[in-house]
Amino acid sequence: MAVTGGILLAAGVTLAAANLRPAVTSLASVLGDVRAGLGVSAAWTSLLTAVPVLCFGAAAFAAPWVGRRLGLKRAVGSALLVLTLGLLLRVVDGPLVVLGGTFVACAGIAVCNVLIPVVVKDSFPTRIGPITGIYTAAMAAGAGAGAALTPPLEAFLGSWRLAVGAWALLSLAALLLWLAGSRRGVAGRVTGPPPGRSLLRSPLAWVMTVFFGSQALLAYTVMGWLPAILGDAGVDRTTAGFLLAITVVLGVPVSFVVPPLAARWRSQTGMVLVLGALLLAGVLGLAFAPGTLTGLWVLLVGLGMGGMFPLAIVLVSLRSSTTADTARLSAMTQSIGYLIAATGPFAFGLLRDSTGAWTTSMLVLAGLVVLLTALGSIAGRPRTV
């Protein structure tokens with residue numbers, strides 16, 4: 001039987017979600033100072049940027065097992081504790097500790113990535129769309145805050161370690177609010193049939209997985225390379241950074257609209273087609289005229305990209321009939337999906353280096369948008385795994 005969640009639990013879900021990206025974006029925003037301070041190589045820096053996505057994929061495999069063993073309340077609470085400890089650990093010593101702490105923090109994030117949609121389905125069964133919208137908007141806001149506020153924090157505190165480590169305070173606040181809010185609103189265990197049925201034989205589950213992986217690959221490629229693309233087109237560094245921030249921040253208002261509409265409609269295929277068209281127009285604009293109407297192309301990419309992620313999240317709940325299936329589908333889509341996504345930024349940059357220009361890379365990205373739209377159109381049809 002589903003448990004009805006309250007305002008305090010919704011607040012706990014929201015603050016937990018706000019912590020699922022600052023661990024990545026806060027470090028990325030001061031990466032040059034981190035590298036200079038530690039005296040590390042470019043290879044170490046590349047490894048550090050790859051750790052979060054790889055960890056999201058690898059650790060997500062264990063999330064349903066953790067949910068069954070500990071129950072949703074304790075599993076999410078433990079993941080937030082692990083995140084807090086990882087954020088503190090990675091700022092106390094040298095390069096290996098930074099890598100290890102980042103891995104620990106991202107392992108906690110991976111468990112939350114998988115299990116929070118299960119909490120939403122279990123505790124807010126009649127409000128899946130609105131709560132998912134708030135949850136994904138909080139994720140986008142957290143990502144933007146981590147990128148925007150860490151450099152000023154570094155200037156104010158005088159140390160990248162203090163600025164990056166300060167985000168542990170936010171995760172600690174999320175842990176305390178989660179413990180208070182989940183006291184009565186979260187099921188003790190992941191419910192549903194015994195966990196024997198594998199979704200690996202479900203064609204729909206695989207469509208959902210590649211759809212999730214494709215949108216994540218697109219997002220991480222855009223976040224990693226957009227400033228460089230715009231810089232080569234003659235856009236100054238400050239403006240390029242501002243335009244990247246727009247693509248991330250657009251995810252906040254879009255997240256308030258997409259999941260509630262998706263939950264209201266039987267089929268989400270039409271929504272996928274609209275988002276895919278926006279994305280394709282923006283990517284092709286950046287491919288052929290990056291220095292002309294740049295703001296429009298970035299706006300289109302931000303709207304499309306900002307809509308695809310919350311749609312992929314809410315579809316996990318809409319395409320599963322029990323919380324057990326939601327947990328398994330969430331784990332499958334995110335574990336394999338993030339491993340798919342991890343290849344994107346590296347391959348995109350490699351293709352650019354081999355061709356000497358961005359056009360070919362952007363056309364490949366446009367092909368990915370077409371694939372993403374086709375998969376999303378199939379995933380949007382009303383049925384369950």
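Here the structure is a predicted model, which means the values were calculated and not measured. When reading the values below, keep in mind they use all heavy atoms of this one structure, side chains included, and skip hydrogens, waters and symmetry mates.
- No more than 12 heavy atoms of other residues, nucleotides or ligands lie within 6.0 Å of CZ in R201, so this atom counts as exposed by the packing criterion.
- Between the N19 side chain and the S171 main chain, a donor and an acceptor come within less than 3.5 Å of each other.
- L368 contributes atom CG, which lies 12.5 Å from atom CG of L363 (distance to the nearest 0.5 angstrom).
- In this structure, CG in L243 is found 10.5 Å from CG in L299, a value given to the nearest 0.5 Å.
- A distance-only check finds a donor-acceptor pair linking the side chain of R161 to the backbone of V91 [under 3.5 Å].
- Two different hydrophobic clusters hold V34 and L88 under the rule that ILVMFWY side chains link at heavy-atom gaps under 4.5 Å.
- In this structure, R90 contributes its side chain and V97 its backbone to no donor-acceptor pair below 3.5 Å.
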Trace of the side-chain contact (heavy atoms from CB on, under 4.5 Å) decision for V210 with V207: CA-CA 5 Å; V210 182; V207 168; over 6 Å; no
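- Counting only distance, with no hydrogens or angles, the side chain of R352 and the backbone of T360 share no donor-acceptor pair below 3.5 Å.
- Once rounded to the nearest 0.5 Å, the distance linking CG of L280 with CG of L300 reads 10.5 Å.
- Within the 4.5 Å cutoff, the side chain of L20 has heavy atoms near those of the N113 side chain.
- When all heavy atoms of A287 and T359 are compared, the closest pair comes out as O-OG1, 3.8 Å.
- The closest side-chain heavy-atom distance from M332 to W206 is below 4.5 Å.
- Residues V66 and L70 meet the side-chain proximity criterion, which asks for heavy atoms closer than 4.5 Å.
- Not a single donor-acceptor pair under 3.5 Å links the side chain of S123 to the backbone N or O of V120.
- Taking the ring-ring contact (aromatic ring centres under 6.0 Å, His included) definition, one finds that W297 meets it with nothing, sequence neighbours left out.
- I128 and V257 fall within the same hydrophobic cluster, defined by Ile, Leu, Val, Met, Phe, Trp and Tyr side-chain heavy atoms under 4.5 Å apart, directly or through other members.
- The aromatic rings of W225 and F348 sit tilted relative to each other, their planes meeting at an angle between 30° and 60°.
- The heavy-atom pair separating D93 from V98 by the smallest distance is O-CG2, 3.9 Å.
- Take F211 and apply the ring-ring contact (aromatic ring centres under 6.0 Å, His included) test, not counting sequence neighbours, and it matches no residue.
- At distances below 3.5 Å, not a single donor-acceptor pair connects side-chain atoms of S317 with backbone N or O atoms of K121.
- Checked by atom type and distance alone, the side chain of E154 never pairs as donor or acceptor with a backbone atom of A163 at under 3.5 Å.
- A distance-only check finds no donor-acceptor pair linking the side chain of R21 to the backbone of G146 [under 3.5 Å].
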Apply side-chain contact (heavy atoms from CB on, under 4.5 Å) to V222 and L226, showing your working. CA-CA 5 Å; V222 169; L226 182 61; 4.3 Å; yes
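- The side-chain heavy atoms of F212 and V316, taken from C-beta on, include no pair separated by under 4.5 Å.
- One hydrophobic cluster holds both L303 and V370 under the rule that ILVMFWY side chains link at heavy-atom gaps under 4.5 Å.
- With contacts defined as side-chain heavy-atom distances shorter than 4.5 Å, the pair C112/L80 qualifies.
- Using a 4.5 Å cut-off between side-chain heavy atoms of Ile, Leu, Val, Met, Phe, Trp and Tyr, with links allowed through other members, L318 and L261 fall into the same hydrophobic cluster.
- Here the CG-CG distance, from L83 to L175, works out to 9.5 Å after rounding to the nearest 0.5 Å.
- Side-chain atoms of T150 and S26 form no donor-acceptor pair, as typed in the model, at a separation below 3.5 Å.
- Of all heavy-atom pairs spanning C55 and A110, the tightest one is O-CB, 3.9 Å.
- The heavy-atom pair separating V272 from M308 by the smallest distance is O-CE, 3.8 Å.
- The shortest side-chain heavy-atom distance between L218 and L279 falls under the 4.5 Å cut-off.
- In the hydrophobic cluster analysis, where Ile, Leu, Val, Met, Phe, Trp and Tyr join through side-chain heavy atoms closer than 4.5 angstrom, V92 is grouped apart from L169.
- In terms of modelled atom types and a separation under 3.5 Å, the side chain of T247 and the main chain of G302 share no donor-acceptor contact.
- Within 6.0 Å of CZ in F309 there are more than 12 heavy atoms belonging to other residues, nucleotides or ligands.
- Counting non-hydrogen atoms of other residues, nucleotides and ligands closer than 6.0 Å to CZ of F256 gives a total above 12.
- Contact record, P52 with V24: CB-CG2, 3.7 Å, taken as the closest heavy-atom pair.
- Pairing each heavy atom of L311 with each of A262, the nearest pair is CD1-CB, 3.8 Å.
- Side-chain N or O atoms of W178 include none that pairs as donor or acceptor with a backbone N or O of R74 at under 3.5 Å.
- Distance check, rounded to the nearest 0.5 Å: OG1 of T14 to CG of L177 gives 8.5 Å.
- For the pair L54 and L339, the minimum side-chain heavy-atom distance is below 4.5 Å.
- Taken to the nearest 0.5 Å, the CD1 atom of I109 stands 7.0 Å off from the CG atom of L87.
- No side-chain heavy atom of F56 sits less than 4.5 Å from a side-chain heavy atom of Q334.
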Given W160 and L38, is the side-chain contact (heavy atoms from CB on, under 4.5 Å) satisfied, shown in steps? CA-CA 11 Å; W160 69 263; L38 296 175; 4.1 Å; yes
Steps toward side-chain contact (heavy atoms from CB on, under 4.5 Å) verdict (S214, I340): CA-CA 7 Å; S214 298; I340 293 172; 5.6 Å; no
